[in-house]
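Each remark here refers to the structure printed beneath this line.
Below, chains carry the letters A, B, ... as their sequence lines are ordered, and counting in each starts from 1.
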Amino acid sequence: MKGYDFSAIEEKWQKIWEERKVFKVKTDPTKPKYYVLEMFPYPSGRIHMGHVRNYTLGDIIARVKRMKGYNVLHPMGWDAFGLPAENAALKHGIHPAKWTYSNIDYMRTQLKKLGFSYDWDREFATCDPDYYKFEQKFFIEMLEKGLAYRKKTLVNWCESCQTVLANEQVEDGKCWRCGEEVTSREMEGWFLKITDYAEELLSDLEKLKGHWPEKVLIMQKNWIGKSEGAEIDFYIPDIDKNLTVFTTRPDTLFGVTFLALSPEHPLAYEIAEKKGFLEKLLEFREKVRKERKKIEEGEAEKEGFFLETYAIHPFTKEEIPLYTANFVLMEYGTGAIMCVPAHDQRDFEFAKKFGLPIRVVIKPKDRELNPDEMEEAYEAPGVMINSGEFTGLDSDEGKKKIIEKLEALNLGKRKITYRLRDWGVSRQRYWGCPIPVIYCDKCGIVPEKVENLPVKLPLDAQIDPKGRSPLPELKEFAETTCPKCGGKARRETDTFDTFVESSWYFARFACPDYPEAFNPEDVEYWLPVDQYIGGIEHAILHLLYARFFTKVLRDLGYLKLDEPFTNLLTQGMVIKETYRCPRHSWIYPEEVSSEGTCLKDNCGEKVIIGKPEKMSKSKCNVVDPDTMIKKYGADTVRLFIAFASPPEKDLEWSDHGIEGAYRFLKRVYNLFEEHEEILKKVTYKEEELKNLSGQALKLRRKLHQMVKKVHQDFEERFHFNTGIAAIMEFMNYLQDSLKELDLKEELNKKLLREVFEKLLLCLSPVCPHICEELWERLGKETLISEAAFPTWEEDLLKEETFTLVVQINGKVRDQVEAPSGITKEEALSLVKELPKIQKYLEGKNIRNVIFVPEKLINIVVS
RNA sequence: GCGGGAGUGGCGGAAUGGUAGACGCUCCGGACUUAGGAUCCGGUGGGGUAAAUCCCCGUGAGGGUUCAAGUCCCUCCUCCCGCACCA
């Protein structure tokens, strides 16, 4: 016995697949296509188990679909721009480009070792100018269409490093490098008008229902945050201007007792300036800005002050005081609100604090509200009171009526507002795609000429020790000429948010070498992605941006689709048990003794076994894919990952579990080897095996049942765990059968051949290397990776007998083998003969008999 | 607070309203061995009984629908995730 030498087998087949370009695909409209895509990785240095899981799931799907006759596009690339490359440059003095590309080289070899069936000829990295030049082109076209614009935005600023910080570089409100308090600073930046697409992004979620996880759809819906209401104008005589507020409760208009403006509101500024308390306002604004970050952790007290100004109520003409308040966001609605303390909890709290009146205008059906006794706002619908001509209306009805009147008087209008904000894409970073615009003193903002693209990121830049982008100081880059007038001009030195690159990469995979962005023939054939797979952490941003880009590219004439990803699978995390020592905190499994005490520094403390958590270095529970592949081989790693839990649930890594997977593959291998001599000499035709009997028939039936189950679980449900369980169950059955089966009989030899062929075919999407190897040893000259999925005979699946479960009053009391196709009457008389059942029926009246064909009979007795 | 998901053996997990616990792990016993942390075989939800092919209990808790409920409905509990001053 040679034994299962996985490393030789895996190396051999990976080489063959690569040399023969087995997974290379071409556009072929005569064949049905299937595009399976996994979220491409950031080249951080090494593949982690999360990647392995993601890509294993994708690869099984790709291989199954290929076996089912689809022309399968299964590409891989690199989301290669981003901050960690700059951090590595700071820490180790390696240039971000060098760091990134060497990481890619290493990670590619890791992926290849896992035997994933990618069309590697389509690989690209988003930091390649050949990729990002199209992104720059899209941006220029968006600019021309008004989909990109500049506005002021708040950024994190470190005074001591003189640099903008990304959110992840802010730790506890302090700079991650120097520890200085981070302040916010206004800067100009580029924005993409995703809000123009808010309605379509929302309504198209409908098309994804049933194909995307419900959870993701809900998260996106909440993120877009559509709300319907009205904009209402309040005239401010002091400055002779209207203040427009947005409200979803126009029915409470008669309950307004004050108005509140965001401290950032231009009218707040104007009033403060006029009334001479500008400084107070600016102080307050700064305070609120700082608090904004605190709010994320806990509750912030309602604060604000009177603006010494009044506005006129559109209907009652009363004077309503104006306040500025910390809870009013400038970014949402109009940045100003009408406040109805009786019917809005926030307004209520503010009114209580500042002694403002509470006026009840909505009455609940079952009780009266007394403003003096109210402890919280009444926010539910009800009947309108104290509302002039609207009194007595149902509040929902009142909403419409009040809007109608406002519109008639030109004092307001129906309005839909979204929580979704425009997408700020400017990053003051070096390692990103340059934004292709030029600032000219004479011509203003001028896009780079399309023929000059790409605006290449200069690779010879020196990384600044404080982490600032070197681009603004890099004369060769920043100093340029205006494309319009030819005069001296300055180039934009900000780069794009890296989410921009990942918003359209899936489309580029259809034609990665095409000289233009997209070859219509290719994108029309391959898109949309049929199955997209990735982590739930991208439920909102990445997926929303990619959907947005798809619609923009459609409107720019590049693509002809509305949604990029037809089906979405969000896989769970890979988690593992953690160990904690009271003295040493998180410790490695090797540091725990067999008695469960800490071995670190001879500590001896009792180790606390923690619940399984997401693998992380800090918790010492990381399992390295390389180590596992080396120890067990890629097929075992893939098998364990696919078997341990269904894709959408978390997967608990288990050292014992992977042993079990390994053991199973060894069993398959050894059993094959044991019968290899017979197997390679025999061939079979399906019709030769039609008339089996006894154990042979049972085995063949079990085989075909297994094939069908694997088909259902692998292709239809993506429940690889149960499909693999079926294969294991069959293996157990096969080993038992072989004890009884006479392998000197020619027919049984033929059956054994069928068994192994189909078994290997079923297992091959999960464990391609071992199956490829044994397939070859069956004498096959074609690759199992290119074989068709095995067929099963539906007629064969039916057993001649089945276990009839016998229930009395719904309780299982006995079971009996019964011929298939037995009728209710036959079953009843059969069952009545059973001694145990007779006991239960004795002296009782049969009141009802329920018969489920091929399953059970339930006798209801009194 | 709002929204979503989940609670099944010692563990991961199976079960179109029809035998709860497939498959795997762990553990126990046995075989083969100089050896076993290799391999193979058997057992493994709880309780009762000397034992069983016997009986009872059992899918977070409590009700309900049904001949029949892990599955459907209602109430509650626990955990996880997302959102959270969005007017």
Next item on the list: May I have the step-by-step check of ring pair (Phe, Tyr, Trp, His ring centres under 6.0 Å) for A:Phe258 and A:Phe354, ending in yes or no?
Entry: CA-CA 11 Å; A:Phe258 61 102; A:Phe354 290 88; 8.4 Å; no

Item checked: Non-hydrogen atoms of A:Ala377 and A:Pro341 that approach each other most closely ->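 Scanning both residues completely, I find the closest heavy atoms to be CB-O, 3.5 Å.
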
To the nearest Å, how far apart are [X] [atom1] and [N] [atom2]?
X: A:Glu817; N: B:U53; atom1: CD; atom2: C1'; value: 15 Å
X: A:Ile859; N: B:U19; atom1: CD1; atom2: P; value: 17 Å
X: A:Lys811; N: B:A68; atom1: NZ; atom2: P; value: 12 Å
X: A:Ile337; N: B:C85; atom1: CD1; atom2: C1'; value: 9 Å
X: A:His265; N: B:A87; atom1: NE2; atom2: P; value: 16 Å
X: A:Ile540; N: B:G3; atom1: CD1; atom2: P; value: 17 Å
X: A:Met573; N: B:G12; atom1: CE; atom2: C1'; value: 16 Å
X: A:Lys836; N: B:U53; atom1: NZ; atom2: P; value: 9 Å

Can you tell me how far [atom1] in [N] sits from the matching atom in [M], rounded to whole Å?
N: B:C72; M: B:G24; atom1: C1'; value: 31 Å
N: B:G63; M: B:C80; atom1: C1'; value: 27 Å
N: B:U33; M: B:C28; atom1: P; value: 23 Å
N: B:G17; M: B:G64; atom1: C1'; value: 16 Å
N: B:U71; M: B:G1; atom1: P; value: 27 Å
N: B:A14; M: B:G3; atom1: C1'; value: 30 Å
N: B:U39; M: B:U53; atom1: C1'; value: 33 Å
N: B:C25; M: B:G42; atom1: P; value: 14 Å

Checklist line | A:Glu716 atom CD, neighbour heavy-atom count above 12 within 6.0 Å | finding: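 Enclosed: over 12 neighbouring heavy atoms sit under 6.0 Å from CD of A:Glu716.
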
Check: Are more than 12 heavy atoms from other residues, nucleotides or ligands located less than 6.0 Å from atom NZ of A:Lys193?
Finding: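 12 or below, so no.
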
Notebook entry, point to check: Reading nucleotides 25-33 of chain B 5' to 3', which nucleotides get B (base under 4.0 Å from a protein heavy atom), which S (sugar-phosphate only), which -?
Noted result: SS-------

Next item on the list: For nucleotides 13-18 of chain B, just jot down a letter per nucleotide in 5' to 3' order: B, S or -, based on protein non-hydrogen atoms under 4.0 Å.
Entry: SSS--B

Item checked: Anti/syn call for B:G37, syn if |chi| within 90° ->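 Here the answer is anti: the torsion falls beyond 90° from 0.
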
Searching all strands shown, indicate the nucleotide that pairs with [N] (Watson-Crick or G-U wobble; both distances under 3.5 Å).
N: B:G24; result: B:C11
N: B:C79; result: B:G5
N: B:G36; result: none
N: B:C67; result: B:G18

Please tell me which of the listed nucleotides, [options], lies nearest to the side chain of [X]?
X: A:Val328; options: B:C85, B:A87, B:C41; result: B:A87
X: A:Val812; options: B:U19, B:C55, B:A84; result: B:U19
X: A:Phe327; options: B:A87, B:C56, B:C23; result: B:A87
X: A:Lys666; options: B:C57, B:U39, B:C55; result: B:U39
X: A:Ile218; options: B:C80, B:G3, B:A87; result: B:G3

Which part of the nucleic acid does [X] contact within heavy-atom distance under 4.0 Å: base, sugar-phosphate only, or nothing?
X: A:Arg847; answer: nothing
X: A:Val805; answer: base
X: A:Ser227; answer: sugar-phosphate
X: A:Arg421; answer: base
X: A:Phe258; answer: nothing

Notebook entry, point to check: Under 30°, 30 to 60°, or over 60°: which ring-plane class applies to A:His542 and A:His538, parallel, tilted or perpendicular?
Noted result: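 Perpendicular, since the angle between the ring planes exceeds 60°.
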
Checklist line | RNA chain B: 5'-proximal contact among A:Val860 and A:Thr334 (nearest heavy atom) | finding: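 Per heavy-atom nearest nucleotide, the more 5' residue is A:Val860.
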
Check: Between A:Thr248 and A:Met219, which has a closest nucleotide on RNA chain B that is more 5'?
Finding: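 The residue mapped nearer the 5' terminus is A:Met219.
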
Checklist line | Any A:Tyr662 side-chain N or O less than 4.0 Å from OP1/OP2 of B:U39 | finding: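 Looking at the OP1 and OP2 atoms of B:U39, neither is under 4.0 Å from any side-chain N or O of A:Tyr662.
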
Next item on the list: Considering just the side-chain nitrogens and oxygens of A:Asn732, establish if one lies under 4.0 Å of OP1 or OP2 belonging to B:G24.
Entry: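 Checking B:G24 against A:Asn732, a side-chain N or O does come within under 4.0 Å of OP1 or OP2.
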
Side-chain ([X]) to main-chain ([Y]) donor-acceptor, under 3.5 angstrom:
X: A:Glu264; Y: A:Leu329; result: no
X: A:Asn621; Y: A:Lys576; result: yes
X: A:Asp347; Y: A:Ala342; result: no
X: A:Thr823; Y: A:Glu826; result: yes

Item checked: Cationic N near anionic O, under 4.0 Å, A:Glu228 to A:Arg414 ->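 Judged by the 4.0 Å cut-off on N to carboxylate O distance, A:Glu228 and A:Arg414 do form a salt bridge.
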
Notebook entry, point to check: Can A:Glu206 and A:Lys209 be counted as an ion pair, charged N to O under 4.0 angstrom?
Noted result: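 Counted as a salt bridge, because a side-chain N and a carboxylate O are separated by less than 4.0 Å.
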
Notebook entry, point to check: Atom NZ in A:Lys631, atom CZ in A:Phe6: separation rounded to 0.5 Å?
Noted result: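 With rounding to 0.5 Å, NZ (A:Lys631) is 10.0 Å from CZ (A:Phe6).
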
Item checked: Verdict with supporting geometry, A:Phe664 and A:Phe643, ring pair (Phe, Tyr, Trp, His ring centres under 6.0 Å) -> CA-CA 12 Å; A:Phe664 173 75; A:Phe643 177 64; 8.5 Å; no

